[in-house]
Amino acid sequence: MSKTADISLPDPSRWKALVFIALAQLMVVLDATIVNIALPSAQLDLGISEGNKQWVITAYALAFGGLLLFGGRIADLWGRKRTFVVGLLGFAAASALGGAATGEAMMFGSRALQGVFGALLAPAALSLLAVMFTDAKERAKAFGIYGAIAGGGGAVGLILGGFLTEYLNWRWTFFVNIPFAVIAAVGAYFVIREPAGSRNRSTLDIPGVILSTLGLVALVYGFTRAESAGWSDSLTVGMFVASAVLLAAFVVTEAKVKSPLLPLRVLTERNRGGVYLSLGLAIIAMFGLFLFLTYYLQIVKGYKPVETGFAFLPMIVGMITGSTQIGARLMTRVPPRLLMGPGFLVAGLGMLLLTQLEVGSSYVGLILPAQLLLGLGMGTAFMPAMSLSTHGVRPEDAGVASAMVNTSQQVGGAIGTALLNTIAASATTAYVASNAAGASSPKALQLDAMVHGYTSAIWWAVGILAAAAAIAFTFINTGRPGADSTAMAGSGEGVEDEVKIPVVAH
């Protein structure tokens with residue numbers, strides 16, 4: 001294929017822009033875990049009841065997960081740079097409100113607001129990369145950095161959360177977002193130049209907004225409630241049924257309306273569909289593991305919050321190495337499925353090691369090598385996944401395609417935490433019941449039962465990562481970026497779409 005003639009030369013300030021986009025992404029990903037470590041202190045200070053403490057996490061997840069598609073469409077309609085800057089400033093204001101919270105209502109409201117503005121800025125950030133980096137090799141580097149942050153930021157949040165909670169105050173886990181957001185917003189305002197002609201100015205699909213938001217909120221809340229109330233709880237079941245009905249109605253609506261919120265062509269292209277599905281599954285496995293390892297290190301091993309955070313460093317090192325040194329270097333040389341599939345399998349091998357976890361397990365002998373494998377595998381897979389999330393997409397659909405990869409991550413995180421935690425809790429209860437009679441120490445029994453619960457759930461995580469690898473190998477069939485058009489047979493979208501945004505071919 002010849003080089004495209006209708007695309008202007010690359011923006012000379014694109015690498016500077018990447019710094020501010022990466023900073024914003026780091027802030028959003030950090031926020032997903034940083035509050036977890038601060039939660040016990042905040043709960044005590046604000047008098048939040050045991051039954052209501054989950055809302056500190058749930059309010060954010062519901063708003064973020066439910067509004068991501070809407071945020072992606074707003075970015076396409078309103079302009080990605082403007083949406084990005086507004087999202088950052090709003091996130092900073094919501095964080096200031098959370099840090100200054102005087103009661104549970106103020107805390108829950110600030111978390112919901114953080115979710116709303118996060119849903120604006122996350123898809124805008126990813127779609128800006130999609131339209132600014134058009135050369136295959138440069139794109140690989142840019143998405144390598146972005147993928148490393150998207151994968152490793154959660155673990156960085158555990159370190160920062162532990163440090164701030166232990167040495168300052170839980171309120172700083174909110175206040176720390178403000179300098180991130182302000183620096184990124186000011187930098188983006190002066191540096192980012194959005195390519196002309198890439199907006200989607202068609203009218204907003206209001207029925208699609210309502211159905212998708214309510215459907216995703218019901219799905220996320222169903223899984224969150226299942227964790228505390230059980231899978232057979234009437235409200236849990238009702239939420240899943242409502243979610244299925246609403247999302248089915250959403251698909252029907254999108255197939256009929258003139259200007260859909262989520263054009264079905266974004267989902268039906270097999271490479272993008274494979275990315276959304278496999279990445280969502282991988283995140284289910286990862287988020288459950290963050291939770292188990294945090295509790296294992298603090299409760300079973302007696303680590304302090306800041307020590308727990310630093311214990312996750314090998315995973316971060318692995319992710320950065322996998323993303324920037326393996327994924328980014330090989331992405332222009334091999335087809336993406338040969339990075340994503342093996343990446344998920346290597347991560348699965350690390351997870352498999354953790355099924356051997358016991359009360360007396362060695363950190364250096366077991367947890368450290370498992371984390372390195374997990375990080376390397378996830379980093380290698382995340383990098384091409386982030387790039388492929390906008391594979392062959394029309395410029396006017398870049399925001400909503402980016403929103404879909406964020407949606408798969410958010411919904412995957414909510415499902416992972418609830419599903420694996422419920423499996424672990426059931427296995428722990430069963431272990432106590434069957435071993436109580438012969439136990440010499442109630443405390444030792446409780447610790448053994450807890451670790452048994454974790455390893456039971458981790459076996460499920462191994463299976464989920466194997467499924468993610470199978471989907472990557474099966475669905476993703478595009479050739480390496482920079483290959484000619486014959487390497488892309490079967491990609492599902494015409495050459496015309498790839499010409500408009502030269503993501504894969506030049």
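From Leu267, atom CG reaches atom OH of Tyr276 across 7.0 Å, with rounding to the nearest 0.5 Å. Between the CG atom in Leu88 and the CG atom in Leu121 there is a gap of 5.0 Å [rounded to 0.5 Å]. Summarising the geometry, atom CG belonging to Leu261 is positioned 11.0 Å from atom CG belonging to Leu77; distances are rounded to the nearest 0.5 Å. One distance of note links CZ of Arg329 with OG1 of Thr380; it measures 12.5 Å at 0.5 Å rounding. Atom CG of Leu18 sits about 11.0 Å away from atom CG of Leu128, to the nearest 0.5 Å. Distance OG/Ser408 to CD1/Ile283: 7.5 Å, rounded to 0.5 Å.
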**Study point:** side chain to side chain contact (heavy atoms under 4.5 Å, CB included) between Phe117 and Leu89, worked out
**Key:** CA-CA 8 Å; Phe117 287 107; Leu89 295 177; over 6 Å; no

Exercise for review: Mind running side chain to side chain contact (heavy atoms under 4.5 Å, CB included) on Phe91 and Met27 for me, showing each step along the way?
Suggested key: CA-CA 10 Å; Phe91 200 93; Met27 181 190 71; 3.4 Å; yes

Review point. Under the side chain to side chain contact (heavy atoms under 4.5 Å, CB included) criterion, do Leu247 and Leu211 qualify, and how do the steps go?
Key: CA-CA 7 Å; Leu247 292 177; Leu211 289 169; over 6 Å; no

Exercise for review: Report the C-alpha separation of Asn177 and Gln114 in whole Å, then their side-chain angles, then the decisive distance to 0.1 Å, and conclude whether the side chain to side chain contact (heavy atoms under 4.5 Å, CB included) test is met.
Suggested key: CA-CA 10 Å; Asn177 290 328; Gln114 279 185 311; 3.4 Å; yes

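Taking both residues in full, the closest heavy atoms of Leu339 and Pro384 are given as CB-CG, 3.9 Å, listed atom of the first, atom of the second, then distance. The two residues Ser278 and Met340 come nearest to each other via the heavy atoms OG-CE, 3.4 Å. Summarising the geometry of Val317 relative to Thr321, their closest heavy-atom pair is O-OG1, 2.8 Å, with the distance given to 0.1 Å. Scanning both residues, Ala469 and Gly341, for their nearest heavy atoms gives CB-O, 3.6 Å. Across all non-hydrogen atoms, the minimal contact from Ala385 to Leu279 is CB-CD1, 4.2 Å. In plain terms, the two heavy atoms of Ala285 and Leu465 that are nearest each other are CB-CG, 3.8 Å.
Judged by a 6.0 Å distance limit and a 45° cone about the ring axis, Arg337 is not positioned over the six-membered ring of Phe473.
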Quiz: residues 61-72 side-chain donor-acceptor pairs under 3.5 angstrom, not counting sequence neighbours:
none

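Taking the side-chain contact (heavy atoms from CB on, under 4.5 Å) definition, one finds that Leu219 meets it with Phe223, Phe240, Ser243, Val411, sequence neighbours left out. Looking at residues two or more places apart in sequence or on another chain, you find a side-chain contact (heavy atoms from CB on, under 4.5 Å) between Leu281 and Ile284, Ile464, Ala467, Ala468, Ile471. For Ala188, the side-chain contact (heavy atoms from CB on, under 4.5 Å) test picks out Phe84, Val85, Ile192, with sequence neighbours left out. Remark: Val257 pairs with Asp205, Thr253, Glu254, Pro260 by the side-chain contact (heavy atoms from CB on, under 4.5 Å) rule, at least two apart or across chains.
Within the 4.5 Å cutoff, side-chain heavy atoms of Phe292 are placed close to those of Asn421. In this structure, the side chains of Phe344 and Met378 come closer than 4.5 Å at one or more pairs of heavy atoms. Looking at heavy atoms from C-beta onward, Met286 lies in side-chain contact with Leu374 at the 4.5 angstrom threshold. Contact of the Leu120 side chain with the Ile74 side chain is registered, since non-hydrogen atoms from C-beta on lie closer than 4.5 Å. Between Asn477 and Arg270, some side-chain heavy-atom pair lies under the 4.5 Å cut-off. Contact annotation: the side chain of Trp78 approaches that of Val86 to within less than 4.5 Å [non-hydrogen atoms, C-beta and beyond].
Asn271 places no side-chain N or O within donor-acceptor distance of the main-chain N or O of Leu388, the cut-off being under 3.5 Å. At least one donor-acceptor pair closer than 3.5 Å links the side chain of Arg111 to the backbone N or O of Val56. With hydrogens and angles ignored, the 3.5 Å screen pairs a side-chain donor or acceptor of Ser212 with a backbone N or O of Val209. Of the possible polar contacts, none joining the Arg272 side chain to the Met404 backbone as a donor-acceptor pair under 3.5 Å is found.
Under the side chain to side chain donor-acceptor pair (under 3.5 Å) criterion, the residue pairs touching residues 231-240 are Arg225-Asp233, Asp233-Thr236, with sequence neighbours excluded.
In Lys16, the NZ atom is not crowded: 12 or fewer heavy atoms of neighbouring residues, nucleotides or ligands sit closer than 6.0 Å.
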